[in-house]
There are 2 protein chains.
Amino acid sequence: MVSRAFPTPGHDHGACAAQALAAAEKLCQARGARLTAVRRKVLSLVWQSHAPVGAYDLLARLNKGGGKIAPIAVYRALDFLMAQGLVHRLASINAYMGCAHIGHDHAAQFLICKDCGCAAELESPALRKALVKAVAGRGFTIDREIVEISGLCPHCKAS
Amino acid sequence: MVSRAFPTPGHDHGACAAQALAAAEKLCQARGARLTAVRRKVLSLVWQSHAPVGAYDLLARLNKGGGKIAPIAVYRALDFLMAQGLVHRLASINAYMGCAHIGHDHAAQFLICKDCGCAAELESPALRKALVKAVAGRGFTIDREIVEISGLCPHCKAS
DNA sequence: TCGTATATGTAACGTTATAACATTTTGAAC
DNA sequence: GTTCAAAATGTTATAACGTTACATATACGA
């Protein structure tokens, strides 16, 4: 399977998130990367839903219960998680989501539902290829690509 | 020609910008859209270079000489210009650039040089088609697409 | 010229992200 | 196990980006 599909409204998200966390744990261990308490907590919060979440939302959730963590701490955790490929940033909505294809580098594309707020990761080789081809011949060297498509997901369209 | 190429370092930018402003003027007149003084000024500032420019940069330039324009005025002007298709917003860098293909709706793609800061508009039908195709079959309805590719432009790569 | 829609002014505020520097924790070498 | 340097976190302040709410002014057709 190439894409993480949009979750059905009633899917078992607990299992979904737990699996992602376990995989992240394993990956970090293998790499000698330190998945510290803050980082693990931020990652778990990111995985609380399939809707990308803002940094200050994460901050508020971290501090729910009287914590005093500063914004910078969240951004640092997110930077680490992005460097490890565990989290993606969606530039068009200033939000972060868990990566569905950890363990290998990939230039992903994102579908963002403007109704329910959920996002799905595409990772289409054909699209990637078309992009590279479109740029080729212009003498431009690609460093990073951002492809974010907003619209209506299947579930929201149906209702 | 499908794309606005990266300008050569010494190109006649005065003529380039003047042409864009004249075309915008004409388009607004034809549509009955009011290209007021503020909007015209913002558009001309946007066209002062081929590097996308931030809203607060525009603001500073507007106020150079003692003006007191507020941020909101710039954003309102930009909103108008974007609605008319005269300006694009680059979400990945929070900046704005003049549109090179005014007068017809288009889903453009952008190449952004991380060295000189210049950006070019691609508007590749093949890429667009690949994107639509990649999304098709997933039941997702496209509303808006953002494709922003950062890297090195030909001129910067050469030097 | 009247009235309404459009545009702009004004002030305050909300949101997103980073800078700069101090302190603590970690893990490996000795 | 002590020491040391690198990595991580804490603390405070601030930069950068964008909007709300409401008042005023201008344009333009009836």
Side-chain angles (χ1 to χ4, degrees), chain A residues 24-25 28-43 45-46 51-63 65-84 86-97 112 117 144 146 148, chain B residues 24-25 28-43 45-46 51-63 65-84 86-97 112 117 146 148 150:
Chain A
E25 199 86 48
C28 285
Q29 195 149 26
R31 285 179 181 163
R34 285 148 69 176
L35 187 57
T36 62
V38 188
R39 292 166 175 174
R40 186 180 294 107
K41 183 66 183 166
V42 167
L43 182 58
L45 289 172
V46 161
V53 56
Y56 277 74
D57 276 355
L58 291 169
L59 180 63
R61 293 181 200 182
L62 276 172
N63 283 340
K68 302 182 187 26
I69 290 178
I72 185 72
V74 174
Y75 284 103
R76 288 200 276 228
L78 288 171
D79 284 346
F80 168 85
L81 295 170
M82 288 190 286
Q84 297 298 326
L86 299 172
V87 158
H88 292 292
R89 175 171 196 270
L90 300 189
S92 62
I93 56 173
N94 296 323
Y96 304 82
M97 68 181 289
I112 307 167
R144 227 161 43 94
I146 290 174
E148 297 177 16
Chain B
E25 198 87 48
C28 286
Q29 195 149 27
R31 286 178 180 165
R34 284 149 68 176
L35 186 58
T36 63
V38 188
R39 291 166 176 174
R40 185 180 294 108
K41 183 65 182 166
V42 168
L43 183 58
L45 288 173
V46 162
V53 56
Y56 276 72
D57 276 355
L58 291 169
L59 180 63
R61 292 182 201 181
L62 275 171
N63 284 339
K68 302 181 189 23
I69 290 178
I72 185 69
V74 174
Y75 284 104
R76 288 199 277 228
L78 288 170
D79 283 347
F80 168 86
L81 295 169
M82 286 190 286
Q84 297 298 325
L86 299 172
V87 159
H88 292 292
R89 176 170 197 271
L90 300 189
S92 63
I93 56 174
N94 296 323
Y96 305 82
M97 68 181 290
I112 306 167
I146 290 174
E148 297 176 17
S150 78

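Within every chain, numbering begins at 1; the chains are lettered A, B, ... in the order of the sequence lines, protein sequences first and strands thereafter. Excluded from the calculations below are hydrogen atoms, water molecules and symmetry mates; all remaining heavy atoms, backbone and side chain alike, are included.
- Under the side-chain contact (heavy atoms from CB on, under 4.5 Å) criterion, A:Q29 pairs with no residue at all, not counting sequence neighbours.
- The CG-P distance, from B:L62 to C:dG9, rounds to 10 Å in whole Å.
- Two residues are said to be in side-chain contact when any heavy atoms from C-beta on lie closer than 4.5 Å; B:R34 and B:F80 fail this criterion.
- Computed from coordinates, the B:Y75 OH to C:dT8 P distance equals 17 Å when rounded to whole Å.
- Computed from coordinates, the A:L35 CG to C:dT26 C1' distance equals 15 Å when rounded to whole Å.
- Rounded to an integer number of Å, the gap from CD of B:Q84 to C1' of C:dA7 is 14 Å.
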Side-chain atoms of residues 53-63 of chain A: list all donor-acceptor pairs with protein atoms under 3.5 Å, sequence neighbours left out, distances to 0.1 Å.
{"unit_1": "A:R61", "atom_1": "NH1", "unit_2": "A:Q48", "atom_2": "OE1", "d": "3.4"}
{"unit_1": "A:N63", "atom_1": "OD1", "unit_2": "A:K68", "atom_2": "N", "d": "3.3"}
{"unit_1": "A:N63", "atom_1": "OD1", "unit_2": "A:I69", "atom_2": "N", "d": "2.9"}
{"unit_1": "A:N63", "atom_1": "ND2", "unit_2": "A:I69", "atom_2": "O", "d": "3.0"}

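- Under a 3.5 Å cut-off, the side chain of B:E148 and the backbone N or O of B:I112 do not form any donor-acceptor pair.
- A 6.0 Å sphere centred on CZ of A:R31 holds more than 12 heavy atoms belonging to other residues, nucleotides or ligands.
- Here the C1' atom of nucleotide C:dT16 and the CD1 atom of B:I93 are 17 Å apart, to the nearest Å.
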Using the 3.5 Å cut-off, write out each protein N or O paired with an N or O of nucleotides 6-15 of chain D and the distance between them.
{"unit_1": "D:dA8", "atom_1": "OP1", "unit_2": "A:R39", "atom_2": "NH1", "d": "3.2"}
{"unit_1": "D:dA8", "atom_1": "O5'", "unit_2": "A:R39", "atom_2": "NH2", "d": "3.3"}
{"unit_1": "D:dT9", "atom_1": "OP1", "unit_2": "A:T36", "atom_2": "OG1", "d": "2.5"}
{"unit_1": "D:dG10", "atom_1": "N7", "unit_2": "A:R76", "atom_2": "NH2", "d": "2.6"}
{"unit_1": "D:dG10", "atom_1": "O6", "unit_2": "A:R76", "atom_2": "NH1", "d": "3.2"}
{"unit_1": "D:dG10", "atom_1": "O6", "unit_2": "A:R76", "atom_2": "NH2", "d": "3.4"}

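- Looking at A:R40, its side chain does come within 3.5 Å of a backbone N or O of A:L35 through a donor-acceptor pair.
- Taking atom NZ of B:K41 as the reference point, atom P of C:dT8 lies 15 Å away to the nearest angstrom.
- Separating the CG atom of B:L90 from the C1' atom of D:dC17 is a distance of 15 Å, rounded to the nearest angstrom.
- Per the geometry, CG belonging to B:L78 stands 15 Å off C1' belonging to C:dA7, to the nearest Å.
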